[in-house]
Amino acid sequence: MASGASATPLPPGMVLAGVSRSFAGGAGIHSVDLAVAPGTVHALVGLNGAGKSTLMKVMLGMLRPQAGTASIGGVDVGRAGVEVWAQVGHLVEAPLAYAEFTVARNLAMAAALHAVPPRRRARVVDGAIAEFGLEPYRGRGARVLSFGNRQRLGLAAALQHDPSFIVLDEPTTGLDPSGTLLLRESLRRRAGEGSAVLISSHHLDEVSRLAQRISVMNAGRLIGELDPAAPELERAFFAMVLRDDESRNGEGGAR
Ligand SMILES: Nc1ncnc2c1ncn2[C@@H]1O[C@H](COP(=O)(O)OP(=O)(O)OP(=O)(O)O)[C@@H](O)[C@H]1O
């Protein structure tokens, strides 16, 4: 990697600056700063309800922040147009698949939605089917797919157009070991080619294999980072969460 002064600065990745989004009752995310750099897999880990999905929805413009800004490639997501969204691939919540349509047709529609030109769509779909091991199912209706294969379809639809910005919420959900391996290879390759990748996960061992950075979320805030190469990641994670819980309780839970 070039380190001289002449190195070209990388374009901006995905950035949250001072973002807050609270729901009735106070849950949500608070004062979040996060920068997912191009060429990096950045993982979010946290307990159930910590705020990971909420953060990702704000990043993707699915939820509007009450304070702060979310930007992708330097563009505020509230103002992003089709040229930005065509470079984004995401899977947050259930995979988007039309039950009546085949795997191949669903992928062709996802390619169209991501502005892949018509002449390239068949090749893109074939590539995605091969990449995620969906060949035996290409002519099957999405309705009859197993849970794991529906997840493979959702991942293929999110990634087939080679997005520069990738956001995946718990992407290994439902995947068997071979699906997990295919996903890991796919994300490694895409980050290697310059994509900015944000994933959430509950599997610290998986995250440590894949991510260059691991941010820890607790009670709606980013509370620190873990070193993916450090031993005993699980122990470090729980220690960080416990310390944060204790410090907030000591302050009456105010911050
Ligand atoms: N639409 C909503 N209305 C009210 N509260 C919400 C809403 N969406 C999320 N929350 C609350 O915000 C908090 C954060 O939820 P979020 O789904 O972001 O957590 P998470 O870290 O993704 O959890 P998990 O690991 O269980 O998927 C939770 O307390 C949740 O109940």
Side-chain angles (χ1 to χ4, degrees), residues 14-36 41-70 72 77-78 88-96 147-148 150-151 154-155 158 165-175 179-180 183 187 196-211 213-226 228 233-249 251-255:
M14 298 184 281
V15 178
L16 297 177
V19 163
S20 296
R21 178 64 165 87
S22 301
F23 302 108
I29 59 173
H30 315 290
S31 306
V32 168
D33 294 308
L34 179 75
V36 183
V41 178
H42 196 134
L44 272 182
V45 298
L47 301 176
N48 289 136
K52 304 177 295 297
S53 301
T54 303
L55 182 157
M56 289 180 152
K57 287 178 187 168
V58 172
M59 187 70 97
L60 291 165
M62 296 159 75
L63 283 175
R64 201 183 284 257
Q66 290 150 336
T69 55
I72 293 182
V77 297
V88 176
H90 67 85
L91 183 52
V92 174
E93 299 180 326
L96 176 73
F147 181 66
R150 218 173 306 141
Q151 182 71 0
L155 292 166
F165 308 99
I166 297 170
V167 179
L168 303 174
D169 197 2
E170 297 181 37
T172 57
T173 302
L175 295 183
T180 303
L183 175 68
L187 295 182
V197 182
L198 177 63
I199 59 167
S200 70
S201 182
H202 292 292
H203 305 289
L204 284 168
D205 53 340
E206 177 57 31
V207 152
S208 69
R209 288 198 191 105
L210 179 60
R213 294 185 66 181
I214 305 175
S215 290
V216 179
M217 225 175 168
N218 191 44
R221 292 173 194 276
L222 289 176
I223 59 168
E225 288 202 27
L226 296 172
L233 216 50
E234 205 164 66
R235 188 193 293 253
F237 167 76
F238 282 115
M240 194 180 279
V241 168
L242 185 66
R243 223 179 304 127
D244 182 62
D245 284 344
E246 284 175 350
S247 76
R248 277 180 308 105
N249 289 338
E251 291 165 19
R255 355 184 113 234

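Both counts, for ligands and for their atoms, begin at 1 and track the order of listing. Only this structure's heavy atoms are used, side chains among them; waters, hydrogens and symmetry mates stay out.
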Side chain, backbone, both or neither: the part of Leu47 lying under 4.0 Å from ligand 1 by heavy atom:
backbone

Per atom 18 (O) of ligand 1, closest listed option by heavy atom (Thr54, Leu63, Val58):
Thr54

His202 and ligand 1 - part of the residue with a heavy-atom distance under 4.0 Å:
side chain

Within the structure, does Ala50 bring an N/O atom to less than 3.5 angstrom of an N/O atom in ligand 1?
yes

Nearest 0.5 Å please: distance from the CG atom of Leu198 over to the CG atom of Leu187.
11.0 Å

So, for Thr173 and Gln151, which heavy atoms are closest and what is the spacing to 0.1 Å?
O-CG, 3.1 Å

Do you know the tightest heavy-atom contact between Ile166 and Met14?
O-CE, 3.5 Å

For the residue pair Ala211 and Pro228, what are the closest heavy atoms and their distance?
O-CG, 3.4 Å

Can you find a protein heavy atom under 4.0 Å from atom 9 (C) of ligand 1?
yes

Return the closest protein heavy atom for atom 19 (O) of ligand 1 as residue, atom name and distance.
Gly51 N, 3.2 Å

Heavy-atom protein neighbour under 4.0 angstrom from atom 31 (O) of ligand 1:
no

Mark yes or no for whether Ser215, through its side chain, and Leu44, through its backbone, hold a donor-acceptor pair below 3.5 Å.
no

Could you find the nearest protein heavy atom to atom 17 (O) of ligand 1 and give me its residue, atom name and distance?
Ser53 CB, 3.7 Å

Min over Glu93, Glu170, Lys52 of heavy-atom distance to atom 27 (O) of ligand 1 lands on Glu170

Can you tell me how far CG of Leu204 sits from CZ of Arg235, rounded to the nearest 0.5 angstrom?
13.5 Å

Examine Phe23 against ligand 1 and note whether any of their N/O atoms are separated by less than 3.5 Å.
no

For ligand 1 and Gly49, I'd like to know whether there is a polar contact (N/O to N/O, distance under 3.5 Å).
yes

Going by the order shown, which atoms of ligand 1 are within less than 4.0 Å of some heavy atom of Asn48?
23 (O), 24 (P), 25 (O), 26 (O)

Can you list the ligand 1 atoms lying under 4.0 Å from a non-hydrogen atom of Ala27?
11 (C), 12 (O), 13 (C), 29 (O)

If I compare all heavy atoms of Glu225 with all of Met240, which pair ends up nearest, and what's the gap?
O-CE, 3.4 Å

At a 4.0 Å cut-off, with the gap strictly under it, does some heavy atom of Gly46 reach an atom of ligand 1?
no

Not counting sequence neighbours, list each pair that qualifies as a side-chain hydrogen bond (donor to acceptor under 3.5 Å, both in side chains) and has a residue in residues 50-70.
Ser53-Asp169, Lys57-Glu93

State whether Arg209 and Glu206 are salt-bridged, where the test is any N-O pair (Lys NZ or Arg NE/NH1/NH2 against Asp/Glu carboxylate O) under 4.0 Å.
yes

